[in-house]
Amino acid sequence: MEGFYGTLLSSVLALIGSFLIGAVVAVFRMTSVKGLRWFGAVYVEFIRNIPLLLVVYIFYYGPSALGFTLDGFKAGTIGLAVYTSAFIAEAIRAGIMAVPKGQMEAARSSGLSYIQTMLHIILPQAIKLVIPPLGNQFINLIKNSSVLTLVAGLDLMYFADGISTETYRTFDTYIFVAVFYLVLTLPLSYGVRIWERRLQRKY
Amino acid sequence: MIDFHQVDKHYGQFHVLKGIDLHVQEGEVVVVVGPSGSGKSTMLRCINRLETITSGGLTVDGITVNERKTDINTLRKEIGMVFQHFNLYPHKKVIDNITLAPVKVLGLSKAEAEKTAMYYLEKVGIADKAESYPSQLSGGQQQRVAIARGLAMKPKIMLFDEPTSALDPEMVGEVLDVMRALAREGMTMVVVTHEMGFAREVADRVIFMDQGQIVEEAEPEAFFASPKEERTRTFLSRVLSH
């Protein structure tokens, strides 16, 4: 049960973290400031193209090289957030780019500022397009949180490994763990679908 | 009201506008015609800086458009624009499409803005659609909403960028009627269009553009009856013969 909370807490924190980082990086990738755009592109390509486990190891073993330490839970959660943020940044960017250019032109030509246009016109339309891929990313995130086990992150899998070696009831234990993951992911996936349908219906 | 002085614009290597000189008086209706790709829409879009100019001078209501210290949002308040593809906000009801800018830019109260919006919806003949979403409207109705949206800012100038080109033929009339009424009330209008009938009937002046240049400008009667330039004659014979 402790592992369930570990997974839940890590997933929720990483979810919030990855969304915030992802949103900022998405904005970076679309500004007219060249340096930020470059940074955003490098961030996404770098993070997206290395394995998650490696990202987590960087946060687990990296700090000790700099003279401080992160425990497995913290390193794992940060790694998870950073890793997922690259995918989320791309999803958000794709959503914003998919809003027709005429929307920006119509709003700006009526005297609205760039920020006002983003807030009232572009983002509300982009969100509809972004929800399905975002939902997928969040489900992946929960499942990916099992890598915390490898840095002793006190998650579901970590405790499951312990229990299975103690009791030798390996198969039973992991079936049980799978059910726990489903308890987290199924409602999320269902919730995303409902939200999507509600937005779809509005206009 | 609008003054182009030797305006040039390049898209990379492509010379879109070449030495444009154009002066639009207050209350004047100028209709711009010409083949596709002649630069008419680009010229129109320079007026509210949806496109920037490469060189030359452009002032609107005495304000230099392309200058760092010009607050473009202040200038744009005075210039309404209607697009070929309407560009209504699909996630907002008709009434909210119209009140957004008056509330956010002019600082009107929601109630005031709605009153103004209803006045203009009445005027374009679709007050009953205020609570609908744009997707529930026909093309002609959407374009009339777009015109009402522009007018609700009480602009000094209205720009029309091929407002009837995306419409089914039977809906063109209802949009042109609204524009005709607007012209009669003395609105300053610049209209890019392929509707020669509208140009002939409503324009104070017709401009013919080809390959980024203003080839000819004249009052509609003279323009259609006795065009001076060869290129104008060729163009008119093509569009009027069918």
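Chain A is the first sequence line, chain B the second, and so forth, proteins listed ahead of strands; every chain is numbered from 1. Hydrogens, waters and symmetry mates are skipped; everything else that's a heavy atom, side chains included, is used.
- With a 6.0 Å radius and a threshold of 12 heavy atoms from other residues, nucleotides or ligands, B:Lys110 has its NZ atom above the threshold.
- Closest approach of A:Ser110 and B:Met153 over heavy atoms only: O-CE, 3.4 Å.
- Annotation for B:Glu26: atom CD does not count as buried by contact number, only 12 or fewer foreign heavy atoms lying within 6.0 Å.
- Residue B:Ile47 holds its CD1 atom at 12.5 Å from OG of A:Ser109, rounded to the nearest 0.5 Å.
- Counting non-hydrogen atoms of other residues, nucleotides and ligands closer than 6.0 Å to CD1 of A:Ile194 gives a total above 12.
- Taking all atoms of both residues into account, the shortest heavy-atom contact from B:Asn73 to A:Leu112 is OD1-O, 3.6 Å.
- Chain A forms more heavy-atom pairs under 4.5 Å with one residue of B:Lys104, B:Gln84, B:His85, B:Lys77 than with any other, namely B:Lys104.
- Proximity to chain A is limited to the backbone of B:Leu88, based on heavy atoms less than 4.5 angstrom apart.
- Atom CZ of A:Arg48 sits in a crowded spot, with more than 12 heavy atoms from other residues, nucleotides or ligands closer than 6.0 Å.
- At a threshold of 4.5 Å between non-hydrogen side-chain atoms, the residues A:Pro124 and B:Tyr89 do not count as touching.
- For chain A, the nearby part of B:Arg45 is the side chain; its heavy atoms alone come within less than 4.5 Å.
- If you measure heavy-atom distances from B:Leu50 to chain A, the contacts under 4.5 Å come from the side chain alone.
- Put simply, the side chain of B:His91 gets close to the backbone of A:His120: a donor and an acceptor are under 3.5 Å apart.
- For a heavy-atom cut-off of 4.5 Å, chain B lies close to A:Gly102, A:Gln103, A:Glu105, A:Ala106, A:Ala107, A:Arg108 in residues 93-108 of chain A.
- For B:His5, the NE2 atom sits in a loose shell: 12 or fewer heavy atoms of surrounding residues, nucleotides or ligands are nearer than 6.0 Å.
- Other residues, nucleotides and ligands contribute only 12 or fewer heavy atoms inside 6.0 Å of the CZ atom of A:Phe19.
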